[in-house]
Amino acid sequence: TSPDKTKLMRFLRESTSYPIDRAYEVCEKRKLYEAQVYLLTHMGHSVQALSLLVDEIGDISAAIEFCKEQDDKDLWDNLLDKATKSKKSSYITGLLQNIGTHINPKELIAKIPDNQKISGLRDSLVKILCDYKLQINLSEGCKRVFVNDTVSLSKKMRGLGGEECTLMRR
C-alpha cells in the first residue's frame with residue numbers, strides 16, 4: 001500500500017543500519033520499484049536504476065529527473081538511446097519538452113528515427129527554441145553585468161591614486 005511504501009522510503013533514506021544488498025533483494029521480490037531505484041543508485045548502479053524507471057515503471061518524467069539529479073553524460077546518452085528505440089513516442093516528446101540545458105537537443109533530434117511519429121512535435125520544438133532563446137538572453141545579460149562590473153571596478157581602481165600603480169604592476 002502507499003503508506004507502507006512511504007514508510008519504507010523514509011526508512012531507507014534515514015537509516016543506515018540495514019544490509020543494502022539484502023534490502024534490494026526484498027524490494028526486488030516484491031516489485032517495489034521506487035525503493036529498488038533508490039537502492040540501486042546508492043549501490044552505484046545508476047544505469048540499472050534508469051532501466052527500472054524506463055522499462056518497468058515506464059515513467060519518462062521520473063527518468064529525466066533522475067538523470068538531472070545524477071548529472072552524468074553517459075546516463076543521459078543511455079536515456080536517449082532507450083527513448084529513441086522505444087515504440088512510445090511519448091518518451092521522445094517527454095525528452096523534447098524537459099531536457100532543458102542538460103543535453104544538446106540536436107543529439108536527441110539526430111537519434112530520432114526518420115519514420116518515427118511524434119505527437120506534439122511542433123510544440124516541443126517551439127519550446128526548445130524558446131528555451132534556447134531564453135538561455136541566450138540570460139547569457140547576454142550576465143555578460144553585460146560582468147562588463148559593467150569590470151568597468152566600474154576599473155574606475156574605482158583608477159581613483160585610488162598612487163596605490164593603483166603598485167597594485168596594477170603585480
Side-chain angles (χ1 to χ4, degrees), residues 1-13 20-21 23-147:
T1 63
S2 184
D4 289 340
K5 287 181 182 178
T6 304
K7 287 180 183 177
L8 172 63
M9 289 307 299
R10 187 176 332 122
F11 171 77
L12 292 175
R13 286 187 181 107
I20 196 164
D21 294 334
Y24 178 76
E25 288 173 17
V26 170
C27 292
E28 186 178 31
K29 277 183 189 170
R30 296 183 182 185
K31 297 190 184 305
L32 299 169
Y33 296 122
E34 183 182 354
Q36 285 179 260
V37 169
Y38 177 81
L39 292 167
L40 283 168
T41 302
H42 284 280
M43 293 165 56
H45 303 296
S46 299
V47 173
Q48 282 179 269
L50 179 64
S51 291
L52 273 175
L53 287 168
V54 176
D55 302 332
E56 297 297 327
I57 301 171
D59 188 347
I60 195 69
S61 297
I64 292 167
E65 286 305 310
F66 180 76
C67 287
K68 287 178 182 178
E69 290 169 8
Q70 299 303 307
D71 194 27
D72 180 339
K73 173 79 169 102
D74 293 335
L75 208 54
W76 277 110
D77 290 340
N78 192 298
L79 179 58
L80 291 181
D81 289 341
K82 285 183 170 300
T84 54
K85 290 175 183 167
S86 169
K87 300 292 183 207
K88 297 180 182 180
S89 70
S90 61
Y91 284 8
I92 295 173
T93 303
L95 277 168
L96 286 169
Q97 292 178 350
N98 296 296
I99 55 175
T101 59
H102 297 281
I103 58 172
N104 187 341
K106 288 193 298 187
E107 289 180 42
L108 172 57
I109 293 167
K111 289 185 177 193
I112 298 172
D114 291 338
N115 59 350
Q116 177 90 35
K117 292 192 188 287
I118 302 166
S119 60
L121 179 61
R122 182 179 111 21
D123 293 339
S124 298
L125 292 175
V126 167
K127 184 178 183 325
I128 286 173
L129 292 172
C130 288
D131 288 350
Y132 181 73
K133 184 177 180 182
L134 177 62
Q135 188 177 4
I136 295 291
N137 288 340
L138 284 171
S139 294
E140 289 173 354
C142 289
K143 181 180 173 186
R144 279 192 298 275
V145 168
F146 178 74
V147 168

Trainee: Hey, mind stepping through Gln97 and Ser124 against side chain to side chain contact (heavy atoms under 4.5 Å, CB included) and telling me if it holds?
Mentor: CA-CA 5 Å; Gln97 292 178 350; Ser124 298; 3.4 Å; yes

Trainee: Using the side chain to side chain contact (heavy atoms under 4.5 Å, CB included) rule, take Tyr91 and Lys82 through it: C-alpha gap first, then chi angles, then the decisive distance, then the call.
Mentor: CA-CA 9 Å; Tyr91 284 8; Lys82 285 183 170 300; over 6 Å; no

Trainee: Less than 4.5 Å apart, side chain to side chain, heavy atoms only: is that true for Asp131 and Gln135?
Mentor: no

Trainee: Locate the shortest heavy-atom distance separating Ala35 from Met9; write the atom from each residue and the value.
Mentor: CA-SD, 3.5 Å

Trainee: Is a side-chain donor or acceptor of Tyr132 paired with a backbone partner of Pro105 at a separation under 3.5 angstrom?
Mentor: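 Side chain of Tyr132 to backbone of Pro105: no pair is present.
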
Trainee: How long is the gap from CG on Leu8 to OH on Tyr38, to the nearest 0.5 Å?
Mentor: 10.5 Å

Trainee: Does the distance from a Lys or Arg side-chain N to an Asp or Glu carboxylate O, for Lys143 and Glu140, drop under 4.0 Å?
Mentor: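 Result for this pair is no, no salt bridge flagged.
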
Trainee: Restricting to pairs with a member in residues 57-81, which pass ring pair (Phe, Tyr, Trp, His ring centres under 6.0 Å), not counting sequence neighbours?
Mentor: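 The answer is Trp76-His102.
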
Trainee: Nearest 0.5 Å please: distance from the CG atom of Asp59 over to the CD atom of Glu34.
Mentor: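 So the gap between those two atoms works out to 10.5 Å.
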
Trainee: Which atom names give the shortest non-hydrogen contact between Ser86 and Gln116, and what distance separates them?
Mentor: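 Distance-wise, the nearest heavy atoms are O-OE1, 4.2 Å.
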
Trainee: Do you know the tightest heavy-atom contact between Gly94 and Ile60?
Mentor: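 Of all heavy-atom pairs spanning Gly94 and Ile60, the closest is CA-CG2, 4.4 Å.
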
Trainee: Below 4.0 angstrom, N of the basic side chain to O of the carboxylate: do Glu25 and Arg30 qualify?
Mentor: no

Trainee: For a quick test of reading the model, state the closest non-hydrogen atom pair linking Thr41 to Ala49 and the distance between them.
Mentor: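 What the structure gives for the nearest pair is OG1-CB, 3.7 Å.
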
Trainee: Could you state the interatomic distance from NZ (Lys73) to CG (Asn78), rounded to the nearest 0.5 Å?
Mentor: 11.5 Å

Trainee: Using a 4.5 Å cut-off on heavy atoms from C-beta on, say whether the side chain of Leu108 contacts that of Thr84.
Mentor: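 They are in contact (side-chain heavy atoms under 4.5 Å apart), so the answer is yes.
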
Trainee: Would you check if Ile109 and Leu96 make a side-chain contact, meaning some heavy-atom pair closer than 4.5 Å?
Mentor: yes

Trainee: Does the side chain of Glu56 reach to within under 4.5 Å of the side chain of Ser51, using non-hydrogen atoms?
Mentor: no

Trainee: To the nearest 0.5 Å, tell me how far Ile57 CD1 sits from Gln36 CD.
Mentor: 8.0 Å

Trainee: Heavy atoms, side chains only, cut-off 4.5 Å: are Cys67 and Leu50 in contact?
Mentor: yes

Trainee: With a 4.5 Å cut-off on side-chain heavy atoms, are Tyr33 and Leu53 touching?
Mentor: no

Trainee: Would a distance-only check, ignoring hydrogens and angles, find a side-chain to backbone donor-acceptor pair under 3.5 Å from Thr93 to Ser119?
Mentor: yes

Trainee: Do the side chains of Lys111 and Glu107 get nearer than 4.5 Å, heavy atoms only?
Mentor: no

Trainee: Could Lys127 and Asp123 be called an ion pair, given the rule that one side-chain N must be under 4.0 Å from one carboxylate O?
Mentor: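 Here Lys127 does not pair with Asp123 in a salt bridge, since their nearest N and O are not under 4.0 Å apart.
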
Trainee: Enter the distance from Leu52:CG to Lys31:NZ here, rounded to the nearest 0.5 Å.
Mentor: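 Interatomic distance, Leu52 CG to Lys31 NZ, rounded to 0.5 Å: 10.0 Å.
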
Trainee: Could you state the interatomic distance from CG (Asp77) to CD1 (Ile103), rounded to the nearest 0.5 Å?
Mentor: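 Asp77 CG to Ile103 CD1: 8.0 Å, rounded to 0.5 Å.
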
Trainee: Contact between Leu39 and Cys27 at the side-chain level, heavy atoms closer than 4.5 Å - yes or no?
Mentor: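 Heavy-atom side-chain distance check passes, below 4.5 Å.
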
